[in-house]
Amino acid sequence: MTVANKLVELSLPLIPRRALWLVAQRYVAGDDLPAAIDAIRRLSADGFGTIIDVLGENISTTGEAEEAAREYHRALAALTDVDRGCVLSVKPTHLGLLLDRTLCERLLSDLCIAAAGQARRVRFEMEDSTTIDATLAAFAAVRRSHSNLGCVLQSRLFRTEADVTRLLAAWPDLSVRLVKGIYIEPKEIAWTEPDDISASFVRLAKQLFDGGATVGLATHDSALAQQLVAEVRNRGFDRGDIDSRRYEFQCLMGVRSEFAGQLRDAGHPTRIYVPYGKDWHAYSMRRLKRNPAIAMHVARALFHRDG
């Protein structure tokens with residue numbers, strides 16, 4: 001971490017809540033479900049698929065986990081006539097993974113059942129490396145009974161290739177969201193150079209495609225996206241009915257919106273991640289502290305907003 005980034009991280013608690021919201025509102029739909037539904041409705045009208053995420057992680061009581069699950073069920077009810085393809089994105093520690101894995105699995109299973117009733121998919125997210133084994137164990141336990149459950153894998157981690165091999169052996173029809181990974185991990189377990197992380201991303205995408213998986217390619221990196229477009233074209237995945245394709249691109253709301261539009265306009269299925277919830281402030285602070293590069297970006301945005 002550079003001295004400048006460290007200074008930015010130390011100054012984050014001093015940023016007024018109102019000032020942080022000026023930046024966060026570009027990337028967070030709002031603090032309640034109606035705000036998220038409005039954002040999803042607009043994105044759907046613009047030809048994007050969507051992902052809805054109730055903000056929150058590392059909760060401290062089982063009651064908070066149960067309330068998080070109830071909010072997802074409320075979101076399902078509200079989505080019925082808005083975007084029939086919207087995917088639920090669920091963080092393991094938000095459903096109490098680190099408190100009671102049995103409870104987490106039950107809550108996740110109930111969500112999968114409810115989502116299947118609307119022909120929706122659920123995505124079990126991935127957090128930092130200390131939670132991966134528990135996350136994959138919970139995923140496997142629930143996936144055995146619910147085919148609409150997918151997982152997330154990170155290209156920066158050395159272990160991911162072996163994880164892909166194990167997952168594909170169990171479920172050749174696996175649905176995966178492939179990301180670079182936001183968490184800063186020790187160099188002993190992860191690539192730290194951007195080129196190495198991108199190269200790993202391409203290798204993993206090929207491995208997943210070879211194994212029969214459907215892959216959400218989550219990136220805002222233009223150079224990486226060009227390689228991925230070439231790969232899906234070489235495989236013929238960019239032809240045929242859009243709903244049956246083996247891939248889609250996925251982007252965060254408010255991040256390089258023109259890039260997402262270009263992918264959509266080129267005919268690639270493109271899905272936008274829409275987070276919302278009361279935890280937007282804590283979520284933003286956690287993300288900034290865990291990634292100094294993003295912290296620097298926010299600091300610049302506060303003083304040099306481009307609207």
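In this chain, residues are counted from 1 in sequence order.
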- Query: Can you hop from V90 to V87 via hydrophobic side chains spaced under 4.5 Å?
  - Reply: no
- Note: G267 and I242 closest approach over all heavy atoms is O-CD1, 4.4 Å
- Query: How many angstroms lie between OG in S89 and CD in Q250, if you round to the nearest 0.5 Å?
  - Reply: 9.0 Å
- Message: Could you go through F124 and C112, starting from their C-alpha distance and side-chain angles, then the distance that decides it, and tell me whether this counts as side chain to side chain contact (heavy atoms under 4.5 Å, CB included)?
- Response: CA-CA 10 Å; F124 203 41; C112 288; over 6 Å; no
- Please assess L217 against H268 for the test side chain to side chain contact (heavy atoms under 4.5 Å, CB included), listing each intermediate value before the final yes or no. CA-CA 11 Å; L217 303 163; H268 301 293; over 6 Å; no
- Item | Approximate separation, where rounding is to 0.5 Å, of Q262 CD and S257 OG | 11.0 Å
- Note on the structure: Minimal heavy-atom distance between Y247 and P269, with the atoms involved, is OH-CD, 3.7 Å
- Item | Working for side chain to side chain contact (heavy atoms under 4.5 Å, CB included), residues V229 and F249 | CA-CA 10 Å; V229 165; F249 283 96; 3.8 Å; yes
- Task: Output, in order, the C-alpha distance, side-chain angles, deciding distance and verdict of side chain to side chain donor-acceptor pair (under 3.5 Å) for T214 and E248.
- Result: CA-CA 8 Å; T214 298; E248 65 184 24; over 6 Å; no
- Query: Going by heavy atoms in the side chains, are Y276 and D31 under 4.5 Å from each other?
  - Reply: no
- Item | T219 side chain reached by L228 side chain, heavy atoms, under 4.5 Å | yes
- Side-chain donor-acceptor contact under 3.5 Å, D83 with T50: yes
- Give a yes or no on whether a salt bridge exists between E193 and K187, defined as a side-chain N under 4.0 angstrom from a carboxylate O. no
- Query: Do L76 and Y72 have side chains that get closer than 4.5 Å, going by heavy atoms?
  - Reply: no
- With a 4.5 Å heavy-atom cut-off, do E66 and T61 have their side chains touching? no
- Query: Does the R159 side chain pair with the main chain of I132, one donor and one acceptor, at a distance under 3.5 Å?
  - Reply: no
- Message: Side chains of I59 and K91, heavy atoms from C-beta outward: is any pair under 4.5 Å?
- Response: no
- Query: Ion pair present between D196 and R203, side-chain N to carboxylate O less than 4.0 angstrom?
  - Reply: no
- Message: Is the ring pair F259/H220 parallel, tilted or perpendicular, if the boundaries are 30 and 60 degrees?
- Response: tilted
- Query: Side chains of C251 and R256: does their closest heavy-atom pair fall under 4.5 Å?
  - Reply: no
- Would you kindly confirm whether W171 and V122 end up in one hydrophobic cluster when ILVMFWY residues are joined by side chain heavy atoms under 4.5 Å apart? yes
- Could you tell me which non-hydrogen atom of A260 sits nearest to which non-hydrogen atom of T270, and how far apart they are? O-CG2, 3.9 Å
- Query: Tell me the side chain to side chain donor-acceptor pair (under 3.5 Å) pairs involving residues 144-154, sequence neighbours left out?
  - Reply: S109-H146
- Item | Residues that R121 engages under salt bridge (charged side-chain N to carboxylate O under 4.0 Å, His left out), provided they are two or more places apart | none
- Item | Stacked cation flag R123 on Y273, 6.0 angstrom / 45 deg | no
- Do R245 and V232 have side chains that get closer than 4.5 Å, going by heavy atoms? no
- Query: If you group Ile, Leu, Val, Met, Phe, Trp and Tyr by side-chain heavy-atom gaps below 4.5 Å, do L252 and I40 land in one group?
  - Reply: no
- Task: Is it possible for you to say whether V82 and V274 belong to one hydrophobic cluster, with membership spreading through side-chain heavy-atom contacts below 4.5 Å?
- Result: yes
- Query: Do we see a donor-acceptor contact under 3.5 Å between the side chains of T130 and D128?
  - Reply: yes
- Exercise: do T93 and E57 side chains pair donor with acceptor under 3.5 Å: no
- Rounded to the nearest 0.5 angstrom, the OG-CD1 distance for S129 and I184 is 11.5 Å
- Task: Report the C-alpha distance between I51 and I272 in whole Å, list the side-chain angles of each, state the deciding distance to 0.1 Å, and finish with yes or no for side chain to side chain contact (heavy atoms under 4.5 Å, CB included).
- Result: CA-CA 6 Å; I51 303 167; I272 307 298; over 6 Å; no
- Task: Examine the side chains of S200 and E161 and answer whether a donor and an acceptor come within less than 3.5 Å of each other.
- Result: no
- Item | Minimum heavy-atom distance between G85 and R120, given as atom pair plus value | N-NH1, 3.8 Å
- Measure the CD-CD1 distance between E127 and I182 for me, rounded to the nearest 0.5 Å. 11.5 Å
- Note on the structure: Taking every heavy atom of A36 against every heavy atom of A29, the minimum-distance pair comes out as CA-CB, 3.8 Å
- Message: Any salt bridge linking D81 with R41? Criterion: basic side-chain nitrogen under 4.0 Å from a carboxylate oxygen.
- Response: no
- Query: L136 versus M126: any side-chain heavy-atom pair under 4.5 Å?
  - Reply: yes
- Give, for atom CG of D110 and atom CZ of R106, the distance between the pair rounded to the nearest 0.5 Å. 6.0 Å
- Separation of L107 CG from T102 OG1 (nearest 0.5 Å): 11.0 Å
- Is R246 reaching over with its side chain to a backbone N or O of V215, donor-acceptor style, under 3.5 angstrom? no
- Query: Which heavy atom of E185 sits nearest a heavy atom of A190, and at what distance?
  - Reply: CB-CB, 3.7 Å
- Task: State plainly whether one hydrophobic cluster holds both V152 and L98, where clusters connect Ile, Leu, Val, Met, Phe, Trp and Tyr through side-chain heavy atoms under 4.5 angstrom apart.
- Result: no
- Would you call K180 and D221 a salt bridge, taking side-chain N to carboxylate O under 4.0 Å as the test? yes
